[in-house]
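Keep in mind that the numbers below use all heavy atoms, side chains included, and drop hydrogens, waters and symmetry copies.
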Amino acid sequence: MSRSPRPHLSLLRVAACTGALALALTACGSGSGAGSAESGSGGIKVGLITKTDTNPFFVKMKEGAEKSAKENGAELLTAAGKFDGDNAGQVTAIENMVASGVKGILITPSDCKAIVPALAKARAKGVLVIALDTPTEPQSAVNALFATDNLKAGELIGAYAKAAMKGRKAKIATLDLAPGVSVGVQRHDGFLKGFGVGAKDPSVVCSQDTAGDQSKGQTAMENCLQKEPGINVVYTINEPAALGAYTALKAKGREKDVLIVSVDGGCTGTGAVKDGKIAATSQQYPLKMAAEGVQAVVSYAKDGKKASGYTDTGVTLITDKAQSGVAAKDTAYGLDNCWG
């Protein structure tokens, strides 16, 4: 596993660490506790707190944690929000899990800053805390971060798009996330770096925010086409935004002559690559994040060694139209490893 001091985010969730909504806690066994006991028989206890239990990304993350806990003879306690953003609910989940005797907590923080005091209390009691997917602010508020390198994810699709254009003049639209959200900034900057252009390069003819939403992606693409009908390359923050862009392009009869690239690697998005709607996507691995997190907690329980720093959980370019000089795997691989 490669390590880096830089904080990185990932997303289909496309959510910043903000907001205050409701967290739904499942009962531990039949009583009211930190979460639901998923596996194990009362040995090493590991807690997993995700932002929601309905988003496919977090469903896959939970699946990875469950499998790893079973393989390692650990007991998994889980908690998940009905919506992204409830810091108070995550604080309660942390407190309940600590009271239940967990050796470690894996968390995708909904509020990267507000969750810090609760995490500090857990760590003070000897609990190993690992952030999955989303770093805390500061990152040092947790022992370790297991997440996608989003800058690299952007670079991969940028390099792919550059190669696929084969020297043709590019007119680029970027369908971004929202101002100031790290994941959006990193993916956007990575794309530009991979394509070999600067932020103010004239080839970038339109930039619109989408919040990672399909309908907003469609509207953003419509707006960009009004501004510059000759757009021939579209970068999107995630696959829902990419599919929105595809819908807008198809309405103009442009879906076959505009190159769309994206990030995430969910099953729907990977299927869209197979169908030719998206040229390529950078796939990330929530199952791996959780599985490695559980393993780290089990190791800590057994030998006292704490995971630390940033662990890159990997990213792979997925396309059925490989370009020379850009490492990639096909959609058969992508669909075998997708989530959702």
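Panel note: side chain Ser282, backbone Ala153; a donor-acceptor pair is recorded below 3.5 Å. When atom types are taken as modelled, the side chain of Thr313 and the backbone of Ala147 share a donor-acceptor pair closer than 3.5 angstrom. Side-chain atoms of Lys227 come within 3.5 Å of backbone N or O of Val205 as a donor-acceptor pair. Here the side chain of Arg123 pairs no donor or acceptor atom with the backbone of Ala120 at under 3.5 angstrom. Side-chain atoms of Gln186 do not come within 3.5 Å of backbone N or O of Leu151 as any donor-acceptor pair. Counting only distance, with no hydrogens or angles, the side chain of Tyr310 and the backbone of Asp149 share a donor-acceptor pair below 3.5 Å. A donor-acceptor pair is defined here as one N or O able to donate and one able to accept, closer than 3.5 Å; no such pair exists between the side chain of Ser68 and the backbone of Gly64. Looking only at distances, a side-chain donor or acceptor of Gln90 sits under 3.5 Å from a matching main-chain atom of Ser110. Judged by distance alone, the side chain of Asn72 and the main-chain N or O of Ala74 form no donor-acceptor pair under 3.5 Å. Ser203 places no side-chain N or O within 3.5 Å of a backbone atom of Ile172 that could act as its donor or acceptor partner.
Judged by the 6.0 Å distance and 45° axis criteria, Lys103 is positioned over the aromatic ring of Tyr300.
Residues Thr331 and Asp320 have side chains that bring a donor and an acceptor to within less than 3.5 angstrom of each other. Gln214 and Gln218 share no donor-acceptor pair across their side chains, judged by distance under 3.5 Å alone. A donor and an acceptor atom, one from each side chain of Thr281 and Glu239, are located under 3.5 Å apart.
Within the structure, side chain to side chain donor-acceptor pair (under 3.5 Å) pairs that include any residue of residues 269-278 do not occur (at least two apart or interchain).
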### Query
Would Leu106 and Met289 count as a side-chain contact (heavy atoms from CB on, under 4.5 Å) if you check the C-alpha gap in whole Å, the side-chain angles of each, and the deciding distance to 0.1 Å?
CA-CA 10 Å; Leu106 314 175; Met289 294 177 196; over 6 Å; no

### Query
For Thr174 and Cys206, what are the C-alpha separation, side-chain angles and deciding distance, and is it a side-chain contact (heavy atoms from CB on, under 4.5 Å)?
CA-CA 6 Å; Thr174 69; Cys206 185; over 6 Å; no

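Ile115 and Pro109 get closest at one heavy-atom pair: CG2-CB, 4.0 Å.
Ion pair Lys152/Glu155 not flagged as a salt bridge, since none of the NZ, NE, NH1 or NH2 atoms sits closer than 4.0 Å to an Asp/Glu carboxylate oxygen. Ion pair Asp264/Arg187 flagged as a salt bridge, since at least one NZ, NE, NH1 or NH2 atom sits closer than 4.0 Å to an Asp/Glu carboxylate oxygen.
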Mind listing the side-chain donor-acceptor pairs of residues 230-237 below 3.5 Å, one per line with the distance, residues two or more places apart or on another chain?
residue : atom : partner : partner atom : Å
Asn232  : OD1  : Lys171  : N            : 2.7
Asn232  : ND2  : Lys169  : O            : 3.0
Tyr235  : OH   : His188  : N            : 3.3
Thr236  : OG1  : Asn238  : O            : 3.0
Thr236  : OG1  : Val261  : O            : 3.4
Thr236  : OG1  : Ser262  : OG           : 2.7

